[in-house]
Amino acid sequence: MNFEFNYRASDSPFVEFIWSTRSTGGGSFISAAAPTWEMVITRQRDKTTFTVRGPETKASPADTPEDAEFFGIVFKLGTFMPHLTPGNVLDTGIHLPEASSKSFWMHGSAWQLPTFDNADTFLARLMRQGMLEHDPVVSAVLQGHPAHLSPRALQYRFLRATGLTQKSIQQIERAKQAAALLAKGIPILDTAYETGYFDQSHLTRSLKRLTGQTPAQILRLGQPG
């Protein structure tokens, strides 16, 4: 399926971006691996669903409801909810219970359903009530700064804040970079070299597992007409 997405930045320092889209018909698509978690609001006819979706460690098929509207809040790596950490929703999603037609239950309280336009107000309330935290160590390490922690302590910080190991995050990000190069028409061998894969076979195995496509498929899709 093809989706047309709208993206916007957020006032929250914990948010990567906010997106919205809609489906005109049902179907399925391949959801690629992603190291970040997100909140997704789905509106279909008279029903609205609030979902917390965790990081994804592999590509997997996903169903799309027919004639639905979606918007999501993607959080920066290192941001987490203490009561529902990314590891608790790894490779899955949790639908939070409905409180009314315009609200949902989270951590013992009723919350008004946010919209694409007022999501920053919702995020500000989350921050005021201590529902969002950010581990600066994770951000610093991902930016190449030393952590001055033991490997075991660093692994604990990564697992708590992201649900993933540092190595898993690096593998997913490298696959995304390789897929982006291939989509621009960069030859497979050049892409493997640029992104640090051992050879074409290593690149192919990684992309099939993490994006659901081979390098040749991505390269072909990126070619005009």
So, taking the atom named CZ in F116 and the one named CD1 in I73, what distance separates them when rounded to the nearest 0.5 Å?
10.5 Å
In this structure, CD of Q166 is separated from CG of L142 (nearest 0.5 Å) by 6.5 Å
Salt bridge or not for D120 and R8, using N-O below 4.0 Å?
yes
Report yes or no: do M131 and V15 belong to one cluster of Ile/Leu/Val/Met/Phe/Trp/Tyr joined by side chain heavy-atom distances under 4.5 Å?
yes
Does S103 use its side chain to pair, donor to acceptor, with the backbone of S100 at less than 3.5 Å?
yes
Nearest-0.5 Å distance, CZ of residue F158 to CG of residue L149
10.5 Å
Heavy-atom closest pair, residues F71 and P114:
CE2-O, 3.3 Å
Can you check whether D135 reaches R160 side chain to side chain, under 4.5 Å on heavy atoms?
no
So, E38 and R53, do they make that salt bridge, N to O below 4.0 Å?
yes
Give me the ring orientation class for F5 and W19: parallel if the planes are under 30° apart, tilted from 30 to 60°, perpendicular past 60°.
perpendicular
For residues Y197 and R174, determine if any side-chain heavy atom of one lies less than 4.5 Å from a side-chain heavy atom of the other.
yes
Co-membership, hydrophobic cluster, residues V141 and V138, 4.5 Å side-chain:
yes
CD1 of I18 to CG of L123, rounded to nearest 0.5 Å, is 6.0 Å
Would L132 and M81 count as a side chain to side chain contact (heavy atoms under 4.5 Å, CB included) here? Give the steps.
CA-CA 5 Å; L132 286 176; M81 292 192 294; 3.7 Å; yes
What are the two closest heavy atoms between D67 and Q44, and how far apart are they?
O-CG, 4.0 Å
Working note: L126 + R128, criterion side chain to side chain contact (heavy atoms under 4.5 Å, CB included); need CA distance, chi angles, decisive distance, verdict.
CA-CA 6 Å; L126 286 177; R128 284 196 305 270; over 6 Å; no
Here the pair of heavy atoms bringing G78 nearest to T162 is N-CG2, 3.9 Å
With hydrophobic residues grouped by side-chain heavy-atom distances under 4.5 Å, do V89 and M106 end up in a single group?
yes
I30, L210: one ILVMFWY side-chain cluster at the under-4.5 Å cut-off?
no
On a heavy-atom basis, which atom in A178 and which in T191 lie closest, and how many Å separate them?
O-CG2, 3.6 Å
Output yes when a side-chain donor or acceptor of S23 lies under 3.5 Å from a complementary backbone atom of A68, and no otherwise.
yes
Would T36 and F75 count as a side chain to side chain contact (heavy atoms under 4.5 Å, CB included) here? Give the steps.
CA-CA 6 Å; T36 51; F75 292 88; over 6 Å; no
How long is the span from the OG1 atom in T79 to the CE atom in M127, to the nearest 0.5 Å?
9.0 Å
Any side chain to side chain donor-acceptor pair (under 3.5 Å) pairs touching residues 108-118, not counting sequence neighbours?
T115-N118
Is there a side-chain contact between Q170 and I172, using heavy atoms and a 4.5 Å cut-off?
no
Expected output: side-chain T21 to main-chain E4 donor-acceptor under 3.5 Å
yes
Tightest non-hydrogen contact, residues T57 and A33, listed as C-CB, 3.9 Å
Would you call the rings of F17 and Y7 parallel, tilted or perpendicular, where under 30° means parallel and over 60° means perpendicular?
perpendicular
4.5 Å side-chain heavy-atom contact, L181 and E194
yes
Report, as yes or no, whether the 6.0 Å neighbourhood of atom NE2 on H95 holds more than 12 heavy atoms from other residues, nucleotides or ligands.
no
For S206 and A175, which heavy atoms make the closest approach, and how far apart are they?
OG-CB, 4.1 Å
Does F70 have R43 sitting over its ring (NZ/CZ under 6.0 Å from centre, angle to axis within 45°)?
no
Check: H134 and F14 side chains under 4.5 Å, non-hydrogen atoms
yes
Is any side-chain heavy atom of L189 closer than 4.5 Å to a side-chain heavy atom of L203?
no
Decide yes or no for P55 and P86: does some side-chain heavy atom of the first lie under 4.5 Å from some side-chain heavy atom of the second?
yes
Return the OG1 to CD1 distance between T51 and I41, rounded to the nearest 0.5 Å.
8.0 Å
Should E69 and T48 be marked as a side chain to side chain contact (heavy atoms under 4.5 Å, CB included) after you check the CA-CA gap, both sets of side-chain angles, and the distance that decides it?
CA-CA 9 Å; E69 296 180 357; T48 302; over 6 Å; no
Can you establish whether the number of heavy atoms outside K76 located under 6.0 Å from its atom NZ is more than 12?
yes
Enumerate the residue pairs fulfilling side chain to side chain donor-acceptor pair (under 3.5 Å) with a member in residues 140-156, sequence neighbours excluded, ordered by first and then second residue.
none
Test of understanding: clusters of I, L, V, M, F, W, Y form through side-chain heavy atoms closer than 4.5 Å, transitively. Do I169 and V137 belong to the same one?
yes
Test side chain to side chain donor-acceptor pair (under 3.5 Å) on T204 and S201 and set out the steps.
CA-CA 5 Å; T204 299; S201 296; over 6 Å; no
Side-chain heavy atoms of W105 within contact of L96, under 4.5 Å:
no
